[in-house]
Asker: 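My structure is below; once you've seen it, I'll send some questions.
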Amino acid sequence: MPLPANPFAAAAARAVAKALDMAPDEFTVSAPPRAELGDFAVGLFPGAKAKKGAPPALAKQVADAFRPDGWLASAEAAGPFVNFRAERGAAFRHLFERAQGGGAPGRSPLVPAELGAGKTVCVDFSSPNIAKHLAYHHIRSTVIGNALVRLHRALGYRVVGINHLGDWGTPHGMLMAAYERWGAPDPLDITALNDLYVRFRAEAKGDPSLEAAGRAWFKRLEDGDPEARALWKRFREVSWGEFQQIYDQMGIVFDEVRGESEYEAAMPGVVALFVEKGLAQESEGALVVPVGDPPLLLRKSDGATTYHTRDLATALYRWQSYGFDRSLYVVDRGQGLHFKQLFDALKLAGFGWAARCTHVPFGLVRLGGKKTGTRTGNVVLLKEVFAEATRRSAALMRERNPELGEAEASAAAPVVGIGAVVFANLFAQREKDVDFEWEQVLNPSGDSGPYVQYGHARCASILRKAGAAPGGAPDPGRLAHEAEWTVARRLLDYGDVVARAAEGNEPHLLSHYLLDLCGDFSRWYTLGNGDPSLRVLCDDAGARAARLALVGAVKHVLSTGLHLLGLGAPEAM
Ligand code: ARG
């Protein structure tokens, strides 16, 4: 286990290690089951093996040897664990100093930016197919991938966010055949392209000449026929223009947009590579690589290559271009076999780096209990979902906060609406399905994006009301209430949560953390309703300054955390 980024937790591992003369990274630091027991728990199980002692006896030995060290105030043995308490004053001071923004959005001195130093991560995400709507089911790849890009970047990794645009294959020939037969739609937009394709599919059932025409057009495209190329380019531009609008709404920027088409030139080389290594087998005129049943189809009997062949070329290209430490493919779990075979084929060919490639699968999205998808005919357009979310969040804000100015409300409406949709996709565990219900997604007091954004806006409002910060360092000694410590204790975990979310490709860990933090904050904040002396903006200047500093720290973590998940953090809503 690497040492926790939180220096107080790291001190607990070091205290144990020192007492037993072992290495700190052999121990895992967690939270005790109940907060009354302490702040950090370290299990003595690794010591039992190395020191040949029973964990409870070792725990006692560690607790007896413990001396306060500036980070930790006390240690107590509890069965096979030692529970440590942080030096609270030092912890508050640490947070006041570190929980400050200033750098790039999403950056925080609480997040260990050295963790990924010198390492490169490729993240293939969103990657829609052109000439089709970016429908609601694409959002999970887009949202999860974007969060993984931002999480890794915050940890100091070099990140290459890649859109592997689906712009090649026989469907594109079919589209051209449809265009030839039924004429150019006006306007030529993505809806028209989508409709053309659907019509082609329907009519091809009764008219086999259509399929042949589609194949012929794709052949022309492959052979570089200028008319076919020009048409395809046009379809691609129209599609990308549409996708771009949605990415802009979400604040998503790709470092590389490379379509499948761009790997065409590499196809003969990829096929040759597998042939030369003796890994390609003939099968009814086709070439296959024997990884699984059915095997990976390298080249069809008509000479055409496949989605798999292009992914082989893509993986090689990424390795040569970026020399990645991790290469992630954020693609729905229905493509699990595709990626398993892809990585197996690369391993078979002797590429050790294939072990660094990971499929990051995710579950489906259901709207009103129904699966969404272009093939299921239940297509829900992302831009319509966003528009609806924006309308609903505007209404919600008017209801909750009638004093909010018109300009502020209309600026916040898309941030809250789109943010709610994004958050809903990150709240569910990645591999679980998402049941999308508006009431839940926008519920300002539920497990929702708006709930976290409201927490942030509340911090902003308190700080606004307080006016200019008083000079001098706040005195942490004035933060004596247990509810204040609970907030601080939670804040200390932030950097390690970000690290775990990135390393495990589990952005939902951060969503849950932010919800918990808002809960702790709200429990502290609402104490002031019953007892004015506990208000943040109380009369006592010293207590007020210290509480404001804690509010500032909460605001910092909420705003950077929301950014890492791909959400905005309005100052008022
Ligand atoms: N375009 C594909 C689809 O929509 C996803 C591509 C994912 N990335 C990849 N390298 N295969 O199903």
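Keep in mind that the numbers below use all heavy atoms, side chains included, and drop hydrogens, waters and symmetry copies. Order of appearance sets the numbers: ligands from 1, and atoms from 1 within every ligand. Counting from 1, the numbers follow the sequence of the chain as shown. Predicted, not measured: the structure shown is a model, and the values here were computed from it.
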Asker: Indicate yes or no: does an N/O atom of Asn129 lie under 3.5 Å from an N/O atom of ligand 1?
Answerer: yes
Asker: Within ligand 1, which atoms have a heavy atom of Tyr329 less than 4.0 Å away?
Answerer: 10 (N)
Asker: Please classify the Asp311 to ligand 1 contact at 4.0 Å (heavy-atom distances, strictly less than): side chain, backbone, both or neither.
Answerer: side chain
Asker: Do Asp207 and Arg181 meet the salt-bridge criterion of a basic N to acidic O distance under 4.0 Å?
Answerer: yes
Asker: Less than 4.0 Å between a side-chain N and a carboxylate O, is that true for Lys219 and Asp223?
Answerer: yes
Asker: Taking only Lys NZ, Arg NE, NH1 and NH2, and the carboxylate oxygens of Asp or Glu, determine whether Arg318 and Asp311 approach each other closer than 4.0 Å.
Answerer: no
Asker: Find out whether the Lys NZ or Arg CZ of Lys277 is both under 6.0 angstrom from the six-membered ring centre of Phe351 and within 45° of the ring's axis.
Answerer: yes
Asker: Think Arg356 forms a cation-pi with Trp353, using NZ or CZ under 6.0 Å from the six-ring centre and within 45 degrees of its axis?
Answerer: no
Asker: Determine, for Tyr317 and Arg258, whether the Lys NZ or Arg CZ falls below 6.0 Å from the six-membered ring centre while staying within 45 degrees of the axis.
Answerer: yes
Asker: Look at atom 6 (C) of ligand 1 and find which of Trp168, Tyr307, Phe125 reaches it with the closest heavy atom.
Answerer: Tyr307
Asker: Can you confirm, on distance only, whether ligand 1 has an N/O atom lying under 3.5 Å from any N/O atom belonging to Arg318?
Answerer: no
Asker: Does the N or O separation between Gln335 and ligand 1 drop below 3.5 Å for any pair?
Answerer: yes
Asker: Below 3.5 Å, N or O to N or O, backbone or side chain included: is there any such pair between His338 and ligand 1?
Answerer: no
